[in-house]
Amino acid sequence: MRRFKQLAVSASFALTLGVLASAQVHAGEITVYTALEDDEIATYLAAAKQAMPDVTVHVLRLSTGDLGARLLAESSNPRNDVIWGFAVSNMLDKRIEGLLEPYSPKGVDTLPAQYRDANGKWFAATGYMAAFCVNTERLKAKNLPMPTSWTDLTKPIYKGEIVMPNPAASGTGYLQIAAILQGQGKDKGWAFLKQLNTNIAQYTDSGSKPCKMARTGEYAIGASFAFPAMQSIEAGYPVKMVIPTDWDGYELEASGLMKTSKNKADAKRFLDWTISSGVTSLYKKYKEIVTVPGVTPSEASVAAGLPKDVTKVLYPVNFPQAAEDRDSTIKAWQASMKR
């Protein structure tokens with residue numbers, strides 16, 4: 001089992017990465033399961049402490065695949081009150097969606113219809129998109145051209161220089177292959193992924209790790225998502241962010257209320273807060289996709305190469321189809337891409 005670290009604790013606020021204590025959560029305490037990244041969780045919940053000082057928020061952070069497995073394993077006796085920032089293609093799994101109770105947070109009607117469930121079971125204030133982190137120094141040292149697309153990455157010259165997330169564990173990994181399979185059709189898509197597989201040096205269990213491995217020069221290219229690329233550039237690493245010109249997949253991060261919550265009043269307050277101005281203004285520090293009207297990309301994001309209007313470069317992912325195909329796609333991927 002992974003070793004979790006505690007990020008912040010106070011008398012009225014607790015953010016814990018780990019297996020939560022078995023003690024029952026009481027009024028004024030809620031348990032939140034999330035797949036958001038560690039650093040953004042800390043920033044957001046510092047704001048939550050200011051907005052809801054009387055509520056202790058216990059957070060369990062897991063990768064998308066691990067979180068989905070945990071929700072299913074606990075489905076007969078759920079231990080959380082809220083799902084926060086979870087891949088919508090996972091949330092649409094009927095087994096997980098069935099754990100949710102309809103709730104429409106204050107202000108959710110301002111989100112465009114495609115970013116919220118028609119039955120009120122989930123809404124998505126943020127999302128993330130595929131991007132390549134390319135180490136310009138290693139590229140130059142290896143005399144390799146700058147890739148611009150997924151198709152480029154299948155060229156033999158990049159063999160052993162690419163790191164990619166494992167779609168069975170990582171939401172980023174799944175959105176990448178889901179867009180390719182939807183964009184090319186299953187037969188051509190699987191043939192393409194097998195060709196790409198011959199160039200992959202390593203698959204990781206984290207969507208951000210390929211970028212982190214590329215930025216330190218371990219590999220030339222990390223197939224990741226846009227935020228760690230922008231973060232790496234801002235930190236001064238020799239990285240160029242490349243938005244692939246073909247099948248640029250994306251994912252929405254959905255939130256919802258558990259039917260079995262023992263403290264629905266505070267759970268609803270928390271969900272209201274997630275789309276309030278007190279936190280949505282912080283999203284653009286970490287998110288390339290913010291669905292809340294009026295929130296525009298930061299100057300640093302645009303300087304790093306993020307389009308001002310990302311909707312123009314995203315592949316139109318069919319999320320219900322991605323959810324329906326998830327299990328069969330992952331099984332086929334594991335059978336075809338064995339290492």
- Do Leu60 and Thr34 come within less than 4.5 Å of each other through their side chains, counting heavy atoms only? no
- Query: Going only through I, L, V, M, F, W and Y residues with side-chain contacts under 4.5 Å, is there a path from Val313 to Val302?
  - Reply: no
- Message: Once side chain to side chain donor-acceptor pair (under 3.5 Å) is applied, what residue pairs with a partner in residues 103-114 remain, sequence neighbours excluded?
- Response: Tyr103-Asp272
- For residues 292-301, which residue pairs qualify under side chain to side chain donor-acceptor pair (under 3.5 Å), counting only residues two or more places apart or in two chains? Ser298-Ser301
- Using a strict 4.0 Å threshold on nitrogen-to-oxygen distance, state whether Glu137 and Lys140 make a salt bridge. no
- Query: Can you list every pair that meets side chain to side chain donor-acceptor pair (under 3.5 Å) and has a residue in residues 251-261, with sequence neighbours left out?
  - Reply: Asp81-Ser261, Ser89-Glu251, Thr126-Glu253, Glu253-Lys287
- Should Val163 and Glu218 count as side-chain neighbours, where that means a heavy-atom distance under 4.5 Å? no
- Query: When you check the side-chain N and O atoms of Thr329 and Asp325, is any donor under 3.5 Å from an acceptor?
  - Reply: no
- Do the side chain of Arg215 and the main chain of Val239 share a donor and acceptor less than 3.5 angstrom apart? no
- Query: Is there a donor-acceptor pair closer than 3.5 Å between any side-chain N or O of Asp266 and the backbone N or O of Gly28?
  - Reply: yes
- Ser206 versus Ser208, side-chain donor and acceptor atoms under 3.5 Å: yes
- Are any side-chain N or O atoms of Thr148 and backbone N or O atoms of Val242, one a donor and one an acceptor, separated by less than 3.5 Å? no
